[in-house]
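Whatever order the structure lists them in is the order used to number ligands and atoms, beginning at 1. Counting from 1, the numbers follow the sequence of the chain as shown.
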Amino acid sequence: MKKTTTYFKEAKKRGEKLTMLTAYDYSMAKLIDSAGIDGILVGDSLGMVVLGYENTLQVTVEDIIHHTRAVARGAKDALIVADMPFLSYHISVEDAIRNAGRMIKEGMAHAVKLEGGEEIIDKVRAIINAQIPVMGHLGLTPQSVNVFGGFKVQGKNKSQIEKLIKDAKLLEEAGVFAIVLEGIPKEVAERITETVSVPTIGIGAGVHCDGQILVTQDLLGLYSDFVPKFVKQYRKLSVDIMEAFKEYISDVKKGQFPKDEHSFKLDEQTKNELEKLY
Ligand code: KIV
């Protein structure tokens with residue numbers, strides 16, 4: 001079944017939890033989609049888990065478009081959300097619409113995600129007016145890492161909590177179809193979830209959100225540079241992968257790979273002709 005932004009909004013009314021994961025390439029998107037996920041985010045976490053940057057700030061519009069196209073080719077049913085990278089929606093309303101439009105036209109995404117509340121609300125409204133669905137993102141928004149002084153949990157005091165609730169309401173009024181809540185206390189996420197009519201998708205925001213999202217590399221235990229407290233590693237695939245690489249290296253060194261079953265063979269007549277060649 002095709003998942004749409006309407007499906008997301010209806011799921012909240014039905015009290016049905018939504019599931020999202022990140023993907024950046026065709027094969028992983030195909031697997032995630034076949035497993036029955038509701039939404040795939042081509043996150044700017046790409047910068048860290050795929051491109052090896054320290055944070056998300058270097059990711060470009062071209063990077064996200066390139067990877068979103070690959071994901072769109074792999075996913076049949078999931079709603080595909082492309083992350084708007086740092087400075088792709090901050091400079092002007094025009095710039096924000098143009099870049100969001102590229103995510104849809106060139107990246108083949110169904111929707112875009114923007115970090116922030118009041119400060120960017122004019123851009124959110126304009127993108128939605130241009131008929132592009134928007135997902136909001138509040139809390140520990142990674143593009144603000146230098147303002148926060150690191151990846152620090154947000155919404156821990158009264159003024160931060162009030163701002164988060166105000167921002168969530170503003171995003172809802174602007175017409176977003178969902179809001180990611182990242183790195184905030186579960187009580188605050190619960191309050192926001194009760195306050196807004198659109199679904200909240202949590203990451204490090206506790207169990208009361210309307211849905212959850214994780215970075216796929218974290219869930220699979222593929223990215224070990226940093227494992228946040230909120231991550232549940234469902235597998236430790238980096239261990240299996242390392243073993244497979246070591247076995248391959250050892251097999252090749254010992255002449256145990258490739259074997260006959262991995263080789264192409266000549267027929268007898270051509271083999272005899274080959275032997276007589278020199
Ligand atoms: O870039 C990303 O993967 C994200 C999620 C963590 C929500 O923004």
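- In this structure the side chain of E118 reaches within 4.5 angstrom of the side chain of K166, judged on heavy atoms.
- With salt bridges taken as basic N to acidic carboxylate O contacts below 4.0 Å, one links E162 and K158.
- For the side chain to side chain contact (heavy atoms under 4.5 Å, CB included) with T22, the qualifying choice from D218, V215, I40 is V215, the only one to do so.
- For the pair T141 and F148, the minimum side-chain heavy-atom distance is below 4.5 Å.
- The closest donor-acceptor contact from the side chain of D63 to the backbone of T60 lies under 3.5 Å.
- The distance criterion of under 3.5 Å between nitrogen or oxygen atoms is not met by T22 with respect to ligand 1.
- Contact annotation for L46 and ligand 1: no heavy atom of the residue comes within less than 4.0 Å of the ligand.
- Under the 4.0 angstrom criterion for non-hydrogen atoms, H137 is in contact with ligand 1.
- With respect to the salt-bridge test (charged N to carboxylate O, under 4.0 angstrom), the residues D95 and R98 qualify.
- Atom numbering of ligand 1 starts at 1 in the shown order; those under 4.0 Å from a heavy atom of K113 are 8 (O).
- Taking distance alone, with nitrogen or oxygen atoms compared against 3.5 Å, E115 stays at or beyond that limit from ligand 1.
- If you check which protein heavy atom lies closest to atom 4 (C) of ligand 1, you get L41 CD2, 3.5 Å.
- Counting heavy atoms closer than 4.0 Å to ligand 1, residue D83 contributes side-chain atoms (C-beta onward) but none from N, CA, C or O.
- The shortest heavy-atom contact between D38 and L18 is OD2-CA, 3.4 Å.
- Which parts of ligand 1 touch I203 is read off a 4.0 Å heavy-atom cut-off, strictly below it: atoms 6 (C).
- Interface of G43 with ligand 1, defined as ligand atoms under 4.0 Å from a residue heavy atom, comprises 1 (O), 2 (C), 3 (O).
- Checked by distance only, ligand 1 and S45 come closer than 3.5 Å through their nitrogen or oxygen atoms.
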